[in-house]
Each structure stands twice: as structure tokens, then as C-alpha cells.
Amino acid sequence: RANTQLVSVYATVKDKTGRLVPNLTKDDFTVYDNGKPQPLSYFGNDLLPFSIVVMLDRSASMARDYDLVRDAAITFVRQMLPNDRMRIGSFSTKISIHPETFTNDQDALIDLLRTRLEPVGSSPVWTAIDQSLTAVLPEPQRRVVLVFTDGHNDQQRGQIITHLTDVLNRVRVNGVMVYCIGFVTSVQGGYAVRGPFGMPGQSGRGTFGPPRVQPPDPALKDIAEESGGGYFELGPEEDLSGTFARVAEELHRQYWLGFTPTKLDGKSHKLEVKVRGADLKVRARQNYVAAAGS
């Protein structure tokens, strides 16, 4: 961040089995700015510290699974390294983020997960992500948002309205990496009859009928891909704690690529990262704005 003209690109590389590949070199990567390859001014593959807001959905459709989500988030906290910093957020009728500043105090963060999450309420997903971006933006190190939700934006009257397009634009401009963990629920006649991991739910209103699958909003995947983060969609039998631990491992095993743009024109530029190796896949942010501090 010392060089305000350096464009930082964090890349996750996996092989065809989905395993992380941590031993590549600078020569294995090519970064394209609007289709033109750029010489890398910086390359790093050390363990990278991060600042993160972990934002948890506390809407009615999640109520029966609050304990499972809390325990999975605790798993994530316990994966933190000494230089990582975190705040815990939750959203329903209100959106809260604690503590006041980012911290590495695992005991304090776990206590917040057990005592300070919002009670059951509505589901302002886009506003919660937007406020998480605002909270992490001033941090001097790599900035991340991790949101866990069923992905159905449902705001009550009087709540702040944030549009999906606004969130996507902020991700492009601010360069914050967003990870989204969405899960599929099953509803029957308006009632949620099966939450993640096979547990029953009791949200919604209506008459009983054949169950139907209710997947997360596909925009969660769009946000994650735009930012270079990851998207994970969980079914009833999948391991939430394992997924949180997987995100932590990814964040610690990313490559840091940096280049200096030839012109700061204030416009949005398309980014593409390619890596040598037919069986390797790379994930990184897709755009940046060519302005100082990108």
C-alpha cells in the first residue's frame, strides 16, 4: 500500500482436484490490463495477513441453525494467525459490527459470537455487505469480507436500502475481496421445512404443499467472482465448519501480484490473470479503477 500507483491483485490457484497450489513462481503468472500483459512490479507468496469482517445472517429463515453457524465462525476465528485482524458482524432488523476496532484477540471474538449477535429479524443482505465493505476499507493490510447467508435480500420498512449494483460498483472500485457462503433451503407451502444440514425450519407463511428447493441469490456468486473472492454453496448434508476453515486456508495461501499501470485515467479496467499449467485454475479480481491507490 506504500506505492499508491501499485495495483495489487491477490490470486488463488488450485489444481484440477481443487487443492491449493502454493509453490508457483513469478514467471508462472501473467496479468493482463485491458488485454495487455503487464510486467509485475511485485510478487509474493508468503503467508499473507488479512483484516476481515465476518458477517452472519440472523434472519428468520436462519433461526434454527444459529448454533451451527456460530460454531463454524468460531472455527474460522481459531484459524487466525498472529497478524490477522477481525471484526464480527451480524444482520437482521439491525446491522452490527463488533468490536469497535479490528483485533486478533480470539477469546474476545469468540465471546462476541456467543453473546453479541443480532436477534431474529429481516434480511438486508446487500446493506450488510455494503456496511462490511465500509468497515474494512480503512485497514492498511489485505481487506476481506466473509458473508454467510441464504442470500435473499428482504428489508423491512425504514431500513436503509442498498441496491446490488451499488455493492458491485464498490467491489470494483475499492478492491476488497468478498467471500460468500450461501446455502440451499427447502420450503413447503411458504414454510421452511429443512434448513442447511437437514435441520427443520419454521419461517414463512402459507399452506403446506410439495417441498421446493430455494437456492441462494445467484448475485452472491457474482459479487465473489467480481472481487476475486470465493463462492461456496452448501446443501443440507455439507460441512459448514469445514468450509469456514477452507476459506481461512485460502486466504493464507494466496499470491500477491502487483503492477504499475501505464496511465491513471480514472477509468475501469478489465483484469485477467493467467497461470502456466493446463490443469491449474486461477481466481482473482476482475476489474480495477486506474486511479491512485487502486
Side-chain angles (χ1 to χ4, degrees), residues 1 8 10 12 20 44 46-58 62 65-92 94-118 124-149 167 170-171 174-183 220 223-224 227-232 234 239-254 256 285:
R1 300 285 296 277
S8 290
Y10 297 100
T12 303
L20 293 168
D46 299 326
L47 289 175
L48 296 172
F50 56 81
S51 294
I52 187 167
V53 172
V54 175
M55 179 62 69
L56 306 178
D57 188 339
R58 302 284 286 181
M62 297 284 299
D65 300 294
Y66 282 174
D67 289 349
L68 289 172
V69 175
R70 178 204 62 206
D71 292 345
I74 289 173
T75 297
F76 186 90
V77 170
R78 288 178 172 151
Q79 302 294 315
M80 293 175 69
L81 296 179
N83 291 325
D84 297 332
R85 291 152 54 85
M86 186 185 300
R87 294 177 72 189
I88 302 295
S90 57
F91 63 95
S92 59
K94 295 181 180 180
I95 300 170
S96 64
I97 304 176
H98 302 289
E100 290 299 319
T101 59
F102 285 84
T103 181
N104 187 261
D105 187 334
Q106 294 189 18
D107 291 338
L109 291 165
I110 290 171
D111 183 65
L112 287 170
L113 285 166
R114 289 173 173 161
T115 64
R116 294 292 299 275
L117 299 182
E118 291 295 321
V125 178
W126 309 140
T127 302
I129 296 176
D130 183 67
Q131 292 190 14
S132 300
L133 294 171
T134 298
V136 79
L137 193 59
E139 284 293 287
Q141 59 189 24
R142 188 167 45 125
R143 299 158 296 176
V144 186
V145 169
L146 168 60
V147 58
F148 181 85
T149 176
V167 175
R170 288 201 68 187
V171 167
N174 296 149
V176 176
M177 186 177 292
V178 181
Y179 276 78
C180 296
I181 302 177
F183 62 90
L220 292 173
I223 293 170
S227 73
Y231 176 74
F232 302 88
L234 302 180
D239 179 11
L240 178 56
S241 290
T243 302
F244 270 72
R246 181 180 173 186
V247 172
E249 183 183 12
E250 278 198 14
L251 288 171
H252 289 135
R253 294 293 181 181
Q254 290 171 338
W256 183 3
R285 61 190 291 198

(request) Give a yes or no on whether a salt bridge exists between R114 and D111, defined as a side-chain N under 4.0 angstrom from a carboxylate O. (result) no
(message) Checking Q254 against R142: is there a side-chain donor and acceptor pair closer than 3.5 Å?
(response) yes
(message) Applying side chain to side chain contact (heavy atoms under 4.5 Å, CB included) to Q79 and V247, what does each step give before you reach the verdict?
(response) CA-CA 10 Å; Q79 302 294 315; V247 172; over 6 Å; no
(request) Calculate, to the nearest 0.5 Å, the distance between atoms CD1 and CD belonging to I52 and E139 respectively. (result) 11.5 Å
(message) Are the side chains of V77 and V54 in contact, using a 4.5 Å heavy-atom criterion?
(response) no
(message) Show the nearest heavy-atom pair for residues A128 and S132, with the distance to one decimal.
(response) O-OG, 2.8 Å
(message) Do T149 and F91 have side chains that approach each other closer than 4.5 Å (heavy atoms only, starting at C-beta)?
(response) yes
(request) Enter the distance from D71:CG to Y66:OH here, rounded to the nearest 0.5 Å. (result) 15.0 Å
(request) Begin with the C-alpha distance, continue with both residues' side-chain angles, and end with the deciding distance and a verdict on side chain to side chain contact (heavy atoms under 4.5 Å, CB included) for R285 and M177. (result) CA-CA 8 Å; R285 61 190 291 198; M177 186 177 292; over 6 Å; no
(message) Tell me the closest heavy-atom pair linking S92 and E118, and the distance in Å.
(response) OG-CB, 3.5 Å
(request) Drop me the distance from I74's CD1 to L112's CG, to the nearest 0.5 angstrom. (result) 10.5 Å
(request) With the side chain counted from C-beta on, respond yes when L68 and S241 share a heavy-atom pair under 4.5 Å apart, and no when they do not. (result) no
(message) Looking at every heavy atom in both M80 and T103, which two are closest together, and how far apart are they?
(response) CE-O, 3.8 Å
(request) Compare every heavy atom of I97 with every heavy atom of Q131, then report the nearest pair and how far apart it is. (result) O-CD1, 3.9 Å
(request) Grab the two heavy atoms, one from R87 and one from A135, that are nearest each other, plus how far apart they are. (result) NH1-CB, 3.8 Å
(request) Check whether any side-chain heavy atom of V144 sits under 4.5 Å from a side-chain heavy atom of V136, and report yes or no. (result) no
(message) Please identify which of these residues, V125, V178, I223, meets the side-chain contact (heavy atoms from CB on, under 4.5 Å) condition with V167.
(response) I223
(request) Flag the pair M55 / I129 as yes when at least one side-chain heavy-atom distance between them is below 4.5 Å, and no otherwise. (result) no
(request) State whether the side chain of R85 and the backbone N or O of Q141 hold a donor-acceptor pair below 3.5 Å, judged by distance alone. (result) no
(message) Measuring from atom NE2 of H252 to atom CZ of F50, what distance do you get when rounded to the nearest 0.5 angstrom?
(response) 4.0 Å
(request) Check whether any side-chain heavy atom of L56 sits under 4.5 Å from a side-chain heavy atom of M62, and report yes or no. (result) no
(message) Counting C-beta onward and ignoring hydrogens, is there a side-chain heavy-atom pair between L234 and I181 closer than 4.5 Å?
(response) yes
(message) If we ignore hydrogens and angles and just use 3.5 Å, is the side chain of D57 paired with the main-chain N or O of F148 as donor and acceptor?
(response) no
(message) Has N104 got a side-chain atom pairing as donor or acceptor with L81's backbone, closer than 3.5 angstrom?
(response) yes
(request) Is it possible for you to check whether R246 lies under 6.0 Å from the centre of the six-membered ring of F232, through NZ or CZ, and within 45° of that ring's axis? (result) no
(message) Pair L251, F76 - check side chain to side chain contact (heavy atoms under 4.5 Å, CB included), show working.
(response) CA-CA 11 Å; L251 288 171; F76 186 90; 4.2 Å; yes
(message) If I compare all heavy atoms of A245 with all of T75, which pair ends up nearest, and what's the gap?
(response) CB-CG2, 4.1 Å
(request) Indicate yes or no: at least one non-hydrogen side-chain atom of R58 is less than 4.5 angstrom from one of L117. (result) yes
(request) Go through the side-chain N and O atoms of R170 and T134 and say whether any donor and acceptor fall under 3.5 Å apart. (result) yes
(request) Run the numbers on V53 and F102 for side chain to side chain contact (heavy atoms under 4.5 Å, CB included), then give the verdict. (result) CA-CA 9 Å; V53 172; F102 285 84; 3.8 Å; yes
